[in-house]
A.B. asks: 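Dropping the structure in here first, questions after.
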Number of protein chains: 2
Amino acid sequence: MAGGSGSPGRSVTSRALGVLDAFSSDAPRLSLSEIAERSGTPLTTAHRLLGELTEWGALIRRPDGRYEIGRKLWDLGLLAPVQLELRQVAAPFLQDLHTTIRDTVHLAVREGLSALYVERISGRESVPVVSQVGSRLPLHATGVGKVLLAAAPDDVVEKALAELRPVTRHTVVDRERLVRELAEVRRRRYARTCEEMSPGAASIAVPVQVERPTGPLAVAALGIVVPPHRRDLARMVPALEMAARGIGRALARSMQFH
Amino acid sequence: MAGGSGSPGRSVTSRALGVLDAFSSDAPRLSLSEIAERSGTPLTTAHRLLGELTEWGALIRRPDGRYEIGRKLWDLGLLAPVQLELRQVAAPFLQDLHTTIRDTVHLAVREGLSALYVERISGRESVPVVSQVGSRLPLHATGVGKVLLAAAPDDVVEKALAELRPVTRHTVVDRERLVRELAEVRRRRYARTCEEMSPGAASIAVPVQVERPTGPLAVAALGIVVPPHRRDLARMVPALEMAARGIGRALARSMQFH
DNA sequence: GGACGATCTTCCGCTCAACGGAAGGCCGGC
DNA sequence: GCCGGCCTTCCGTTGAGCGGAAGATCGTCC
């Protein structure tokens with residue numbers, strides 16, 4: 001018989017969410033059937049939901065046959081206080097740093113076992129950079145990730161060490177080696193990688209710390225990506241540290257008021 | 001009597017949307033009853049919807065008593081192709097321009113009768129700037145707005161002239177004067193304002209054009225905000241024009257491939 | 001040209017999940 | 001203690017969402 005029982009188990013909201021979830025940076029534009037398949041929603045249902053989402057307020061757009069994320073979601077996303085304060089406070093410092101060194105600069109925070117990139121300024125295109133604002137990478141795979149991991153609580157480090165999946169052929173997957181690297185990051189107060197994420201790109205990263213009664217707390221990591229043949233990589237560390245200190249101080253100041 | 005018939009007239013999706021819509025940049029953090037009131041949803045219903053939105057995938061967060069836009073909406077928003085190409089293509093040019101002039105740089109497109117700011121780099125804090133990425137301002141109230149209006153089709157100009165609401169005490173509301181200003185913008189190929197939006201801020205703006213078989217098409221406006229006492233304002237126009245031309249060419253190139 | 005396949009859209013009867021008023025906590029102020 | 005906001009839980013009613021089937025549309029291949 002045709003006809004349905006209502007949704008079997010999931011609320012309407014959650015299916016609409018499932019439909020939205022079908023979109024990802026790999027697939028920002030999808031056809032109806034792709035969405036239905038990716039979200040596990042029956043085709044008819046997906047069709048109706050997308051219709052509502054489109055009609056009812058530009059959450060979803062459909063300029064041609066395919067569907068894409070609409071303007072309203074962009075608006076709403078900008079309201080998200082995801083590190084809103086950090087981003088606002090850090091922006092001018094990232095600017096200055098970029099002006100000085102002219103390479104890609106980015107800022108990341110730890111979210112679980114990932115580094116979440118919250119801000120970024122692109123440099124000359126010659127250096128290939130994979131991270132984008134909003135993207136996540138495992139903590140053990142990048143410079144900023146290692147800085148964040150080195151500063152993370154022990155249980156996070158343990159969990160991270162437990163699952164060292166390679167992201168590229170050059171990702172560090174040897175536990176002993178990573179432990180040694182983390183110790184060195186803590187000692188030198190900066191991390192350095194060479195072509196681990198993408199060939200032709202080296203990086204250095206430093207922690208952004210806020211002073212707390214219990215000691216300094218690393219709230220983010222600031223990194224730059226440069227061509228690996230640069231000889232003066234180490235010379236950039238002071239500039240990075242200066243910017244990081246600036247952000248840390250500005251953050252502490254702005255947190256007093258809230 | 002107790003009990004309800006289902007939702008009277010609006011689909012579930014649309015009420016969930018209404019709830020999301022309650023959030024705005026004026027009020028990014030709201031309590032349950034505020035949301036219920038703003039969205040016109042019965043309190044109980046709002047409560048349930050927010051619960052689902054929160055539980056079912058971090059669309060909404062609730063760190064303390066109040067609700068706020070969650071991380072997932074931020075993620076999704078970043079996928080929105082709202083001028084995605086324009087933003088990506090323009091970013092390095094805005095960078096270079098900012099490095100040269102060191103003041104606030106921003107990029108806006110026309111959306112209906114508003115200028116929508118899609119990208120921005122802040123300059124020295126001394127100059128007060130109201131626009132943010134994602135915000136909208138009437139076309140007649142700002143430099144980039146006037147550039148966009150000067151390049152808009154006649155029917156848009158007419159509609160804009162029909163409702164000249166003042167945004168600040170210094171907004172141009174005289175129709176004749178605005179018409180004259182627009183003519184001058186077209187002739188000089190740049191717009192200039194002085195303390196119209198906020199005291200202590202002047203601006204200049206130029207169109208970003210793409211060559212089309214039918215002639216040049218203005219797709220965006222590029223503007224800077226500087227202190228009004230600067231004497232060398234006009235000298236910056238060439239730099240702005242150069243950046244705008246660069247963006248236009250890069251856009252045309254990238255559009256060939258799509 | 002005509003048949004086929006893939007994809008999108010409309011239709012419609014059957015349920016059950018959403019609805020929201022009422023009532024029950026919770027807290028802080030007077 | 002009592003009152004007034006604000007939030008949360010409860011529950012009977014019912015219409016809104018559900019999704020299979022069938023129709024429409026379009027491009028492709030023989």
Side-chain angles (χ1 to χ4, degrees), chain A residues 1-24 26-70, chain B residues 1-24 26-70 81 258:
Chain A
M1 268 300 94
S5 50
S7 57
R10 341 227 88 175
S11 73
V12 191
T13 319
S14 79
R15 341 200 107 212
L17 219 217
V19 165
L20 290 180
D21 244 356
F23 294 88
S24 72
D26 312 323
R29 291 171 43 76
L30 297 166
S31 73
L32 173 60
S33 31
E34 282 169 334
I35 295 173
E37 189 182 6
R38 277 163 169 266
S39 62
T41 316
L43 197 124
T44 315
T45 304
H47 181 252
R48 181 170 33 79
L49 285 174
L50 284 165
E52 289 173 4
L53 253 22
T54 307
E55 175 133 5
W56 259 92
L59 282 200
I60 295 286
R61 282 184 65 210
R62 200 183 184 189
D64 44 25
R66 333 204 73 177
Y67 294 89
E68 57 188 36
I69 298 288
Chain B
M1 351 233 75
S5 51
S7 57
R10 339 230 89 175
S11 74
V12 189
T13 318
S14 79
R15 352 198 99 210
L17 221 218
V19 164
L20 289 180
D21 244 356
F23 294 89
S24 73
D26 312 323
R29 293 171 41 75
L30 297 166
S31 73
L32 173 60
S33 30
E34 282 169 334
I35 295 174
E37 189 182 5
R38 278 163 169 267
S39 63
T41 317
L43 198 121
T44 315
T45 304
H47 181 251
R48 181 171 32 79
L49 285 175
L50 285 164
E52 289 173 3
L53 253 22
T54 307
E55 175 134 4
W56 265 96
L59 283 201
I60 296 286
R61 283 183 64 210
R62 202 184 183 188
D64 44 26
R66 334 203 76 176
Y67 293 90
E68 57 188 36
I69 299 288
H258 301 324

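Values below: every heavy atom of this structure, side chains too, minus hydrogens, waters and symmetry copies. Residue numbers begin at 1 in each chain, while the letters A, B, ... track the order of the sequences.
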A.B. asks: Can you tell me the distance, in whole Å, between the CD1 atom of A/Ile35 and the P atom of C/dT9?
C.D. replies: 11 Å
A.B. asks: Report yes if a side-chain nitrogen or oxygen of B/His47 is closer than 4.0 Å to either non-bridging phosphate oxygen (OP1 or OP2) of D/dT8; otherwise report no.
C.D. replies: yes
A.B. asks: Respond yes when some side-chain nitrogen or oxygen of A/Arg62 is under 4.0 Å from OP1 or OP2 of C/dT9, and no when none is.
C.D. replies: yes
A.B. asks: Just how large is the angle between the end axes of the helix from C/dG1-D/dC30 to C/dC30-D/dG1, five pairs per end, to 10 degrees?
C.D. replies: 30°
A.B. asks: Taking side chain as C-beta onward, heavy atoms only, is A/Glu68 less than 4.5 Å from A/Pro63?
C.D. replies: yes
A.B. asks: Could you list, one pair per line, each protein nitrogen or oxygen that sits under 3.5 Å from a nitrogen or oxygen of nucleotides 26-29 of chain C, together with the distance?
C.D. replies:
none

A.B. asks: Does B/Arg62 reach the main-chain N or O of B/Gly65 with its side chain, forming a donor-acceptor pair under 3.5 Å?
C.D. replies: yes
A.B. asks: Side-chain contact, heavy-atom cut-off 4.5 Å: B/Thr54 with B/Leu59?
C.D. replies: no
A.B. asks: To the nearest Å, give me how far apart CD (B/Glu55) and P (C/dA18) are.
C.D. replies: 13 Å
A.B. asks: Starting at atom OH of B/Tyr67, determine the distance to atom P of D/dC7, rounded to an integer number of angstrom.
C.D. replies: 8 Å
A.B. asks: Tell me: CG of A/Asp64 to P of C/dT7, nearest whole Å?
C.D. replies: 16 Å
A.B. asks: Given A/Leu49, which of A/Val19, A/Ile35, A/Leu20 fulfils the side chain to side chain contact (heavy atoms under 4.5 Å, CB included) condition?
C.D. replies: A/Val19
A.B. asks: Specify the separation, in whole Å, of atom CG of B/Leu32 and atom C1' of C/dG20.
C.D. replies: 13 Å
A.B. asks: Is a donor on one side and an acceptor on the other found under 3.5 Å between the side chain of A/Glu34 and the backbone of A/Ser31?
C.D. replies: yes
A.B. asks: Taking OP1 and OP2 of C/dC19, is either one under 4.0 Å from a side-chain nitrogen or oxygen of B/Thr45?
C.D. replies: no
A.B. asks: Does A/Ser31 put a side-chain nitrogen or oxygen below 4.0 Å from OP1 or OP2 of C/dC8?
C.D. replies: yes
A.B. asks: Hey, does B/Ser33 reach any base, or is it just sugar-phosphate, or nothing, if we go heavy atoms under 4.0 Å?
C.D. replies: sugar-phosphate
A.B. asks: CG of B/Leu43 versus P of C/dG25: gap in Å, rounded?
C.D. replies: 18 Å
A.B. asks: Apply side chain to side chain contact (heavy atoms under 4.5 Å, CB included) to B/Tyr67 and B/Leu53, showing your working.
C.D. replies: CA-CA 11 Å; B/Tyr67 293 90; B/Leu53 253 22; over 6 Å; no
A.B. asks: Mind calculating the distance between CG (A/Leu50) and P (D/dG17) to the nearest angstrom?
C.D. replies: 15 Å
A.B. asks: Can you tell me how far the CZ atom of A/Arg38 sits from the OG atom of A/Ser33, to the nearest 0.5 Å?
C.D. replies: 11.5 Å
A.B. asks: So, is A/Arg48 near the phosphate of D/dG19, with a side-chain N or O under 4.0 Å from OP1 or OP2?
C.D. replies: no
A.B. asks: Does any part of the side chain of A/Arg15, heavy atoms only, come nearer than 4.5 Å to the side chain of A/Ser39, both counted from C-beta?
C.D. replies: no
A.B. asks: Using a 4.5 Å cut-off on heavy atoms from C-beta on, say whether the side chain of B/Arg61 contacts that of B/Ile69.
C.D. replies: no
A.B. asks: Less than 4.0 Å between a side-chain N and a carboxylate O, is that true for A/Asp64 and A/Arg29?
C.D. replies: yes
A.B. asks: Name the residue closer to the 5' end of DNA chain C, choosing between A/Thr44 and A/Thr13 according to the nucleotide with the nearest heavy atom.
C.D. replies: A/Thr44
A.B. asks: Rounding to an integer number of Å, can you tell me how far B/Leu49 CG sits from D/dT9 P?
C.D. replies: 15 Å
